[in-house]
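Quick note on labels: first sequence line is chain A, next is B, and so on, each numbered from 1. As a basis for the values below, the full set of heavy atoms in this structure was taken, side chains included, without hydrogen atoms, waters or symmetry mates.
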Amino acid sequence: MIRVTLAIAAALGVLAALLALAGVPLRDVAVSFVEGTTGWIPDRGEFVGWQPVSEVLRRATPLLLTGLAVQIALQAGSFNIGAEGQLRVGGLVAAWACLSLGLTGPLGIVVATILGAAAGLLWAAPAAWIRAFRGGHEVISTIMLNYVAVFATEFVVSGPMQERPGGEPTTAVIPEAASLSAITFGGGFVLYPALLVGIGLAILARLWLNRTPPGFEHRLVGANPSAAAYAGVKTKWVSLRALLLSGAVAGVAGALHLLGQERRYSIGFSPGYGFDSLGVALLAGGHPLGVLPAALLFAAIEQGAVRAQVAIGLPKEISFVIQGLLLLLVAYVRWRRRSTL
Amino acid sequence: MTLDWMDIGGATLRLGGPLCLAAMAGLISERSGVINIGLEGKMLAAAAGTSFVSAMTGNPLLGIAVGIASAVLFALLHAISVIVFRIDHVVSGMAINAVSFGITGYLAKLLTARGADQDFDSIPQPVFILFAIAAPLLIAWALRSTNWGLRLTAVGHSGAKSREAGVDPVKVRWNAQLWVGVLAGISGAMLVSQPEQFGVGMTAGRGFIALAALIFGGWRPIPTALAAFSFGFFDALQLRLQGEKVAGVEWPSQMWAALPYLLTLIALAGFLMKSRQPAALGKE
């Protein structure tokens with residue numbers, strides 16, 4: 001924990017040095033990040049409302065779920081770089097369920113989410129099978145599946161499921177009755193129910209990993225596959241199951257992102273949540289609940305960067321630099337391995 | 001429907017060239033046992049460096065030099081991460097892609113905001129094309145017939161055993177990453193020499209297609225180069241087939257775009273050939 005905090009501080013330090021070298025006023029950057037993420041204006045000592053915090057929570061929701069997905073695979077020693085693709089097919093299938101099957105109400109939301117999970121699971125299946133039984137690296141296969149998902153969903157929304165032929169490449173908007181609407185509290189605080197689902201799933205994952213025999217096998221395969229095999233664990237099936245489960249959770253992320261936020265599937269459905277999720281999962285360390293603070297941190301960085309772009313004209317691409325540096329420095333302190341050379 | 005095959009041939013070389021050079025960068029990295037999914041970021045850095053400096057100084061050769069140097073810097077960062085800090089190769093690659101996308105996008109937006117002229121006059125395309133064709137031939141020869149190549153392959157099989165045989169795997173891998181930077185740098189410079197202006201995220205997944213070509217080619221230079229140029233050919237064909245009918249059916253452009261990735265998945269599943277992945281890949 002202390003080492004991770006130090007790594008975060010070091011990443012911010014490197015970034016500050018880079019920005020200072022580029023002649024950017026650091027104080028203004030810091031002020032816009034604080035304003036943009038907390039609603040607190042330091043210069044005037046004034047609180048402008050809950051909107052910035054709600055916005056951070058909104059951005060954190062898909063990151064939390066996809067981060068959890070990646071972490072589940074990571075616990076069994078697999079890298080699921082495919083969360084982006086699984087999220088996209090999960091979202092598209094949920095849209096299809098609402099528009100074509102006419103699902104509405106709480107039951108409809110549950111069914112659409114389950115269908116999204118199934119889609120994510122199926123999208124992870126080739127990678128899971130190739131990893132377990134054909135010896136191909138899951139990183140490569142999941143990257144390939146991401147691109148196939150991007151093109152396949154783009155085809156579907158610019159053809160079979162397009163809202164208007166010749167129009168924008170997007171599906172129609174799902175009806176209000178089918179969506180998982182955000183709850184607005186006093187003071188403009190908005191809560192996204194999907195965030196609670198994500199926290200619930202993280203708790204479930206924690207219990208499953210730590211309190212059940214299959215969860216123990218899962219972690220054992222991640223910690224030491226040869227010891228697991230020696231102890232009689234069917235390691236191939238465990239790693240197959242790990243990637244399938246991970247795909248299902250990423251599919252849930254996509255379904256809930258569609259039902260709760262986007263309400264239609266368009267090409268811009270995901271600005272790269274699946275890619276950010278790897279950083280979220282690694283930052284979270286070995287604990288499923290760790291994805292909550294990690295997702296909040298990533299969301300705050302993105303939200304702060306957007307604010308800094310509007311306020312002081314600092315290009316928001318700076319958020320990728322922070323996230324990349326974070327990933328590297330946290331890996332330097334936490335994810336090093338023992339030397340074999 | 002008639003296709004202008006000369007035109008498609010030319011486009012294949014132009015589109016396949018950057019893929020081939022990047023795939024060669026990936027090949028050298030992976031043959032030394034270092035997974036490299038940061039090709040995308042290195043190409044992007046090189047494209048940005050080449051474009052910005054060429055436009056600023058009006059000297060495309062200086063631009064290319066700075067472009068290659070930027071890619072080499074990221075390659076050395078990868079080396080520090082995986083050789084010195086011993087972190088997972090995949091994590092380092094992803095981080096490099098993110099940082100490179102961020103920095104190049106940041107700089108491009110700043111230049112636009114300042115109203116800087118970002119067009120430049122590139123050196124002629126055929127120079128790059130010759131390079132892209134020569135590189136795999138040279139690498140194929142070097143892997144078979146030079147000490148450098150034999151050491152690279154040995155280290156990729158097992159660093160520990162190479163050390164027993166008196167070859168320092170750490171040195172070989174550092175050296176390999178240097179070449180990765182140079183080749184990925186030329187690839188990025190070639191990519192930006194066609195529009196003659198940098199665009200944010202302009203690599204658009206080409207670093208990953210190059211990786212796909214590498215796997216498709218079974219980590220061997222000539223088959224990898226052929227795979228890269230075939231992917232370039234599909235890309236060229238797809239651009240010209242948009243809205244056209246083939247065998248009476250109008251095929252969606254996304255199908256052509258997804259083809260390299262689908263073929264790679266099938267190759268990964270081992271349906272096309274035996275996997276020849278370097279034994280120490282990502283493990284040491």
Side-chain angles (χ1 to χ4, degrees), chain A residues 18 22 79 81 126-127 129-131 133-137 139-141 143-156 158-159 272 275-276 278-279 282 305 309 313-341, chain B residues 35 37 41 77 81 83-110 113 159-160 163 169-170 200 205 208-209 211-212 215 252-258 260-265 267-271 275 277 281-284:
Chain A
L18 285 176
F79 264 116
I81 314 275
W129 173 73
I130 289 172
R131 145 115 198 178
F133 297 108
R134 311 291 302 194
H137 204 303
V139 166
I140 307 296
S141 55
I143 289 173
M144 299 302 138
L145 284 163
N146 277 343
Y147 282 101
V148 177
V150 168
F151 291 119
T153 54
E154 185 188 313
F155 164 69
V156 171
S158 52
F275 298 112
D276 294 349
L278 187 78
L282 287 171
Q309 174 161 307
L314 184 80
K316 70 175 187 327
E317 276 71 16
I318 198 75
S319 66
F320 291 98
V321 183
I322 313 178
Q323 291 173 350
L325 287 175
L326 262 180
L327 193 55
L328 268 188
L329 286 162
V330 170
Y332 284 177
V333 300
R334 277 208 71 144
W335 293 85
R336 293 168 72 165
R337 28 187 176 168
R338 265 171 248 115
S339 175
T340 53
L341 278 182
Chain B
I35 299 178
I37 64 168
L77 179 61
S81 299
I83 300 171
V84 178
F85 285 97
R86 319 193 61 80
I87 71 169
D88 195 282
H89 302 192
V90 173
V91 175
S92 169
M94 292 295 282
I96 282 170
N97 287 340
V99 171
S100 174
F101 181 84
I103 292 183
T104 56
Y106 176 89
L107 290 175
K109 276 199 180 167
L110 273 193
R163 172 155 280 168
V170 172
V200 177
F208 293 112
I209 298 200
L211 212 57
I215 289 148
S253 66
Q254 292 91 356
M255 197 198 76
W256 299 107
Y261 304 109
L262 278 172
L263 286 174
T264 304
L265 272 177
L268 260 181
F271 288 136
S275 172
Q277 181 173 317
L281 190 57
K283 289 185 183 134
E284 285 176 336

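Residue contact with chain B, scored on non-hydrogen atoms closer than 4.5 Å, involves the backbone and the side chain of A:Leu328 alike. In this structure, the portion of B:Ile37 lying under 4.5 Å from any heavy atom of chain A is its side chain and not its backbone. For A:Ile322, no part sits under 4.5 Å from any heavy atom of chain B, backbone or side chain. For B:Ile35, the part lying near chain A is the side chain, with the backbone staying farther off; criterion is any non-hydrogen pair under 4.5 Å. Residue B:Ala257 touches chain A through both its backbone and its side chain, counting heavy-atom pairs closer than 4.5 Å. Looking at A:Glu154, the atoms closer than 4.5 Å to chain B (heavy atoms on both sides) sit in the backbone and in the side chain alike. Neither the backbone nor the side chain of A:Ser319 comes within less than 4.5 Å of any heavy atom of chain B. Of the two parts of A:Phe155, the backbone and the side chain both hold a non-hydrogen atom closer than 4.5 Å to a non-hydrogen atom of chain B. Proximity to chain B involves both the backbone and the side chain of A:Ile140, based on heavy atoms less than 4.5 angstrom apart.
Put simply, the side chain of B:Asn97 does not reach to within 4.5 Å of the side chain of A:Phe320, judged on heavy atoms. Side chains of A:Gln309 and A:Leu314 form no contact here, defined as non-hydrogen atoms less than 4.5 Å apart. Residues A:Asn146 and B:Phe208 fail the side-chain proximity criterion, which asks for heavy atoms closer than 4.5 Å. Proximity of B:Val200 to B:Thr104: side-chain heavy atoms (C-beta onward) are nowhere separated by under 4.5 Å.
The two residues B:Tyr106 and A:Glu317 make their nearest non-hydrogen contact at N-CB, 3.7 Å. The shortest heavy-atom contact between B:Leu268 and A:Gly136 is CD2-CA, 4.0 Å.
Remark: B:Tyr261 pairs with A:Tyr147 by the ring-ring contact (aromatic ring centres under 6.0 Å, His included) rule, at least two apart or across chains. For A:Ser141, there are no side chain to side chain donor-acceptor pair (under 3.5 Å) partners, not counting sequence neighbours.
Of the listed residues (A:Pro126, A:Pro315, A:Gly324), the greatest number of heavy-atom pairs within a distance under 4.5 Å of chain B belongs to A:Pro315. Heavy-atom pairs under 4.5 Å with chain A were tallied for B:Pro260, B:Gly41, B:Ser92, B:Gly105; the largest tally goes to B:Gly105. Ranking B:Leu77, B:Thr264, B:Val90 against chain A, the residue ahead of the rest is B:Val90, based on heavy-atom pairs under 4.5 Å. The residue among A:Asp276, A:Val150, A:Ile143 with the most heavy atom pairs within less than 4.5 Å of chain B is A:Ile143.
Here the CD1-OG distance, from B:Ile96 to B:Ser81, works out to 5.5 Å after rounding to the nearest 0.5 Å.
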